[in-house]
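Side chains are part of it too, since the values below use all heavy atoms of this structure and drop only hydrogens, waters and symmetry mates. So you know, we letter chains A, B, ... as the sequences are listed, proteins then strands, and number each from 1. For clarity, every value in this text was computed on a predicted model and none was experimentally measured.
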Amino acid sequence: MYPPRKRLNQIILVVLILLSIAIITLHHKEGEEGFLHRTQGFVTNLISPLQSGVSRVVNSFRHGWGYIFELGQLREENRQLRREVAEFRRELISLRGMERENRRLRKLVGFKEKLEYRTIPAHVIGKSPTEWQSTIIFDRGSADGVAKDMPVVVEEGLVGRVIEVASHATQVQLITDRKSGVAAQILRTGETGVVEGQIGGELGLQFIPKDSSVKKGDIIITSGLGGVFPKGVPIGKVVEVKGRTHDLYKRIKVKSVVDFSRLEEVLIITDFPLTPPFASSEGR
Amino acid sequence: MRFTIFGFFVLLLSFILQTTLVPHLKIFGAQPDLILVVVAVYAFIHGSAGGSIGGFFGGLLQDMVLIRNMGFNALCKTIVGYLAGLVERTVFAESILLPMVAIFIASLIHETIYLSFSIFLGEAISLDLSLWRIVIPSAIYNAILALLIYPLLCRISIYEEGVPRFK
């Protein structure tokens with residue numbers, strides 16, 4: 001016979017385990033409008049001002065630290081140069097894409113100009129509390145016009161897509177999340193595949209045939225095929241290409257053009273026309 | 001058995017820091033789990049019941065801002081909180097090294113349970129990558145974090161009741 005205290009501890013443990021399992025089951029079974037999903041939205045809303053406050057303090061410390069080591073002017077200059085490099089890179093990618101497109105489509109009658117989208121700027125207020133999932137919380141929500149599945153970008157490239165929306169906060173699934181999938185294209189060869197997130201924040205390009213000429217340094221952009229992300233947004237650069245004899249596809253590692261650890265501000269594209277039948281399969 | 005309002009506020013603070021400050025403290029891609037460390041230390045001080053209740057609420061807070069598998073963290077941290085509480089006040093008066101080792105083991109158990117449940121629910125996870133990129137680096141980082149958290153929570157608890165001091 002256990003002493004009463006030990007027995008009580010065991011009862012508490014069993015009750016809490018059963019409660020956790022009940023939550024896991026209910027969360028899996030209920031829809032987006034279910035009680036637990038709504039509770040998540042409510043809690044995200046409740047804590048977002050706290051997160052926003054702490055984030056501001058943390059960021060000012062980070063910046064202060066940067067000023068000590070980099071000096072104020074250097075920091076601004078660096079930011080300006082980065083912006084310019086990103087601008088040139090985007091221009092270069094766009095020019096290369098147009099050149100290739102011209103070659104391929106010159107026999108076709110006309111082509112659509114690239115659509116320009118309306119965006120909402122948003123600030124990072126929180127990040128995923130566990131390494132098993134890659135998400136970021138931003139300070140904009142449904143009250144600002146943000147809706148589920150909207151693409152999120154920065155000037156360097158693709159960040160992810162909106163996955164949960166509260167009235168004043170939004171949770172975004174990063175492209176590095178291991179459940180994320182983005183329809184992608186190798187800019188040089190035009191081959192299409194899917195960029196998937198991997199453990200450790202890396203990206204893998206899947207479904208590129210073994211006989212592909214893809215090589216290190218190739219630029220990967222969104223193909224627009226899934227209907228979730230606009231076409232032509234830079235995703236990353238190929239950093240490793242492998243392929244075993246029995247593999248059907250090449251094993252390709254991609255490094256994102258976005259430095260997610262330094263992400264502070266993003267743009268949420270609000271008027272990209274999502275195509276629902278494909279949207280769920282691309283973003284998963 | 002203890003799980004006080006104070007304990008809840010410590011967990012809430014840990015949660016806020018976990019989602020704001022901690023992601024900036026990544027070393028080689030590894031990120032500590034502040035909530036897990038707090039839960040384990042709380043269990044070392046207050047025993048299994050306090051540990052499992054603290055673990056449940058701490059994990060649930062974490063689950064609130066995750067996009068899938070809600071309840072996973074609550075489950076893992078409840079179990080770890082209970083197990084950590086089993087060694088309540090037995091060895092930790094000796095030195096700070098023992099809590100660090102205990103936190104390292106607690107982290108390994110936590111991540112192993114999390115990984116097992118994910119695989120059980122059909123998620124395709126690379127064991128090799130998970131082990132070297134998340135499980136072991138996080139456990140080491142958490143053990144180092146215990147250097148700060150354990151003395152801090154012990155000192156606070158001394159005011160509540162007699163808790164053995166580390167050397």
Participant: Does the side chain of B:Leu115 reach to within under 4.5 Å of the side chain of A:Trp132, using non-hydrogen atoms?
Facilitator: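 B:Leu115 reaches A:Trp132 side chain to side chain.
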
Participant: Do B:Ile53 and A:Ile12 have side chains that get closer than 4.5 Å, going by heavy atoms?
Facilitator: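 Answer yes - side chains close enough.
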
Participant: So which atom in B:Val65 and which in A:Thr135 form the shortest heavy-atom distance, rounded to 0.1 Å?
Facilitator: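 What the structure gives for the nearest pair is O-OG1, 4.3 Å.
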
Participant: Check each atom of A:Gln171 against the heavy atoms of chain B and say whether the ones under 4.5 Å are side chain, backbone, both or neither.
Facilitator: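 Contact with chain B: side chain only.
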
Participant: Scan side-chain atoms only and decide if B:Thr20 and A:Gln51 contain a donor-acceptor pair under the 3.5 Å cut-off.
Facilitator: no

Participant: I'd like to check the ring pair (Phe, Tyr, Trp, His ring centres under 6.0 Å) partners of A:His123; sequence neighbours left out, ordered by chain and number.
Facilitator: none

Participant: Side chain, backbone, both or neither: which part of A:Glu164 has a heavy atom under 4.5 Å from chain B?
Facilitator: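 For A:Glu164, the contact with chain B is made by the side chain alone.
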
Participant: Taking side chain as everything from C-beta outward and backbone as N, CA, C, O, which of these in A:Ser52 sits under 4.5 Å from a heavy atom of chain B? Side chain, backbone, both or neither.
Facilitator: neither

Participant: Looking at A:Ile23 and B:Phe56, what are the two nearest heavy atoms and their distance?
Facilitator: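 For A:Ile23 and B:Phe56, the tightest heavy-atom pair comes out as CD1-CZ, 4.1 Å.
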
Participant: Picking from B:Gln62, B:Gln18, B:Met70, B:Met64, which has the most non-hydrogen pairs under 4.5 angstrom with chain A?
Facilitator: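 Greatest number of close heavy-atom pairs with chain A: B:Met70.
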
Participant: A:Ser20 pairs by side-chain contact (heavy atoms from CB on, under 4.5 Å) with which of B:Ile79, B:Asp63, B:Thr78?
Facilitator: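 When side-chain contact (heavy atoms from CB on, under 4.5 Å) is applied between A:Ser20 and each of B:Ile79, B:Asp63, B:Thr78, only B:Thr78 qualifies.
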
Participant: Using only atom types and a distance under 3.5 Å, with no angle test, would you say the side chain of A:Gln40 pairs donor to acceptor with the backbone of B:Leu66?
Facilitator: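 Yes; at least one donor-acceptor contact below 3.5 Å.
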
Participant: Could you have a look at B:Gly59, B:Ser126, B:Ala30, B:Ser118 and say which one has the most heavy-atom pairs with chain A under 4.5 angstrom?
Facilitator: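 It is B:Ala30.
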
Participant: Go through the structure and list residues passing salt bridge (Lys or Arg N to Asp or Glu O under 4.0 Å) with B:Asp128, not counting sequence neighbours.
Facilitator: none

Participant: Does the side chain of B:Leu21 come within less than 4.5 Å of A:Val54's, by heavy atoms?
Facilitator: no

Participant: Any heavy-atom pair between the side chains of A:Lys127 and B:His24 that's under 4.5 Å?
Facilitator: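 A side-chain contact exists here, since the closest heavy-atom pair is under 4.5 Å.
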
Participant: Given a strict heavy-atom distance threshold of 4.5 Å, which part of A:Ile136 is in contact with chain B: side chain, backbone, both, or neither?
Facilitator: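 Contact with chain B: none, neither part.
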
Participant: Which region of A:Ser128, side chain (C-beta onward) or backbone (N, CA, C, O), has a non-hydrogen atom less than 4.5 Å from a non-hydrogen atom of chain B, or is it both or neither?
Facilitator: both

Participant: Got a sec: does the NZ of A:Lys148 have more than 12 other heavy atoms crowding it under 6.0 Å?
Facilitator: yes

Participant: With a 4.5 angstrom heavy-atom cut-off, which part of A:Ile137 approaches chain B: side chain, backbone, both or neither?
Facilitator: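 Side chain only.
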
Participant: Using the salt bridge (charged side-chain N to carboxylate O under 4.0 Å, His left out) rule, take B:Arg133 and A:Glu131 through it: C-alpha gap first, then chi angles, then the decisive distance, then the call.
Facilitator: CA-CA 9 Å; B:Arg133 291 286 171 87; A:Glu131 286 189 89; over 6 Å; no

